[in-house]
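Sending over a structure as structure tokens; questions will come in a sec.
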2 protein chains.
Amino acid sequence: MSGRSGAVDKRRLILDAAITVFARQGFHHCRVSDVADQAGVAYGLVYHYFDSKEQMLNELFLERWQIMLDAIGEIDAKTDLTPRQKLREVAGFIIDSYRHEPDLMKVIIVEVTRAANSFGRLHLEKIREAYNRIAVIVEAARRDGTFKQDISSEFAAMCFYGAIEQLLSGWIFDLLPATEDEFERAKSLVVEAICGGLEVSPSSTPAVSG
Amino acid sequence: MSGRSGAVDKRRLILDAAITVFARQGFHHCRVSDVADQAGVAYGLVYHYFDSKEQMLNELFLERWQIMLDAIGEIDAKTDLTPRQKLREVAGFIIDSYRHEPDLMKVIIVEVTRAANSFGRLHLEKIREAYNRIAVIVEAARRDGTFKQDISSEFAAMCFYGAIEQLLSGWIFDLLPATEDEFERAKSLVVEAICGGLEVSPSSTPAVSG
DNA sequence: CTTGCGATTGACTCGCGAGTCAATCGAGTC
DNA sequence: GACTCGATTGACTCGCGAGTCAATCGCAAG
């Protein structure tokens with residue numbers, strides 16, 4: 001392998017450069033040479049470690065997406081949490097992912113998740129898996145009577161995930177203020193919006209007066 | 001112009017062909033010649049009517065998006081509707097757009113709206129305008145006390161729009177069943193989910209027992 | 001020192017596809 | 001019939017950028 005201790009892991013170096021370049025220029029509008037330059041590495045070395053430009057994107061996506069799938073699974077396994085608390089943790093996880101690695105998340109969302117026509121197609125099954133895991137959480141809530149029966153768990157999962165992804169998009173493209181504070185507030189607000197609803201209702205958190 | 005009565009409007013013919021081809025193959029993975037072939041027209045004629053491949057996409061987007069902006073504006077102007085009813089009509093409009101012109105909506109969502117890195121960037125302002133118009137509806141509801149104060153109207157608008165777009169994505173990529181029935185139900189359900197919330201609450205539609 | 005071998009280099013190939021353009025068509029006009 | 005001019009054609013150009021490859025480097029083992 002390329003794991004000589006002491007030597008920089010060039011493979012990783014190139015992947016990280018790819019994150020930066022893909023995020024800045026977009027996958028379609030950057031050249032492989034841009035990635036090599038960013039990594040401070042010769043053009044050919046990229047092809048020593050990767051078969052193609054696409055493979056880099058695939059690897060970035062799969063690596064990170066699996067982490068998210070595992071995280072959702074673990075959250076769902078916490079039997080002491082209510083469904084709403086679980087969704088709160090899922091939202092928290094995704095938003096934190098963006099907080100800590102905005103470039104990577106931007107690439108995943110913009111180039112893969114929301115581009116199901118090109119690369120997304122390859123990964124539709126993986127993407128669907130995430131929706132399914134969220135749906136599992138919702139389904140439990142429907143069964144225990146917390147959540148409405150007439151909204152299917154698949155439908156609810158899509159709404160929930162869609163809302164979160166739209167928030168990330170908003171931050172990515174400066175349509176929403178992207179500050180630490182906003183991130184933190186958003187975690188709870190998105191759950192309140194989707195679970196509790198936008199409307200004031202006696203049974204949910206009372207609205208702040210004034 | 002190209003509006004000789006009796007003669008087919010070739011410009012329109014090419015635009016329609018572009019919708020079909022962009023939807024089927026994706027903007028980046030199709031050739032201009034594919035569009036010409038689909039339109040049954042010589043390659044060069046495409047460049048007689050359009051400056052570039054991009055211009056076709058821009059035109060398709062702007063034309064349709066403006067219709068949606070106008071529609072939202074008109075819905076908001078109906079003073080006899082409650083905010084929730086207005087949102088219901090907005091959801092209905094967008095979903096009907098997909099029902100009637102799935103290819104066009106697919107192109108707009110996949111190639112423009114969700115690709116803010118490439119073409120979206122050009123149109124970010126137009127896209128933002130849609131969020132703003134939805135936010136205006138929400139803001140009115142917040143002011144009259146129907147909607148929660150602690151969720152800003154911009155935030156709520158993003159959640160609402162994000163949920164709808166995710167539903168369309170689900171239909172486009174076969175992650176959700178796409179039948180006439182589902183479309184019809186979705187219109188009300190997405191509003192119920194976002195406004196009323198996923199949770200059962202005394203003040204909203206009671207859950208079906210059994 | 002030398003041999004072996006993976007890491008590294010970057011000039012080069014080569015196909016693709018956007019955009020050009022000179023030629024042709026054909027409907028209307030006198 | 002001859003002329004005009006926009007519509008239409010499709011072969012051609014030309015730059016770009018993904019992927020190749022033969023050469024070189026440099027460490028480690030004998």
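Treat the numbers as computed from the prediction; the structure is a model and nothing was measured. Every chain is numbered from 1 and lettered A, B, ... according to where its sequence line falls, protein lines coming before strand lines.
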- Task: Would you indicate which nucleotide in D:dG10, C:dT9, D:dG19 comes nearest to any side-chain atom of A:Ala42?
- Result: C:dT9

- Task: Counting heavy atoms from C-beta on, name the nucleotide in D:dA7, D:dA11, D:dG19 closest to the side chain of B:Tyr49.
- Result: D:dA7

- Note on the structure: Here the distance between atom C1' of C:dA18 and atom NE2 of B:His29, to the nearest Å, is 16 Å

- Task: Using atom CG of B:Leu13 as one end and atom C1' of D:dA7 as the other, report the distance to the nearest whole Å.
- Result: 14 Å

- Message: Please report the distance, rounded to the nearest Å, between CG in A:Leu45 and C1' in C:dG6.
- Response: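 After rounding, the gap between these two atoms is 11 Å.
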
- Over how many whole Å does the gap from B:Lys10 atom NZ to D:dA7 atom C1' extend?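 Those two atoms, NZ and C1', are 8 Å apart.
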
- Regarding the side chain of A:Tyr43, the nearest nucleotide among D:dT20, D:dT8, C:dG19 is D:dT20

- Query: For the side chain of B:Ser52, counting heavy atoms from C-beta on, which of C:dG17, C:dG19, C:dA11 is nearest?
  - Reply: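 In terms of side-chain proximity for B:Ser52, the closest of C:dG17, C:dG19, C:dA11 is C:dG19.
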
- Task: Please check the phosphate of C:dA7 (OP1 and OP2 only) for any side-chain N or O of A:His48 closer than 4.0 Å.
- Result: yes

- Tell me whether the OP1 or OP2 atom of C:dT8 has a side-chain N or O from A:Tyr47 closer than 4.0 Å.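 For C:dT8, neither OP1 nor OP2 has a side-chain N or O of A:Tyr47 closer than 4.0 Å.
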
- Task: Take atom CD of B:Glu54 and atom P of C:dA18, then tell me their distance rounded to the nearest Å.
- Result: 11 Å

- Message: side-chain hydrogen bond (donor to acceptor under 3.5 Å, both in side chains), that's the test. Do A:Gln66 and A:Asp70 meet it? Break it down for me.
- Response: CA-CA 6 Å; A:Gln66 190 57 52; A:Asp70 293 346; 3.0 Å; yes

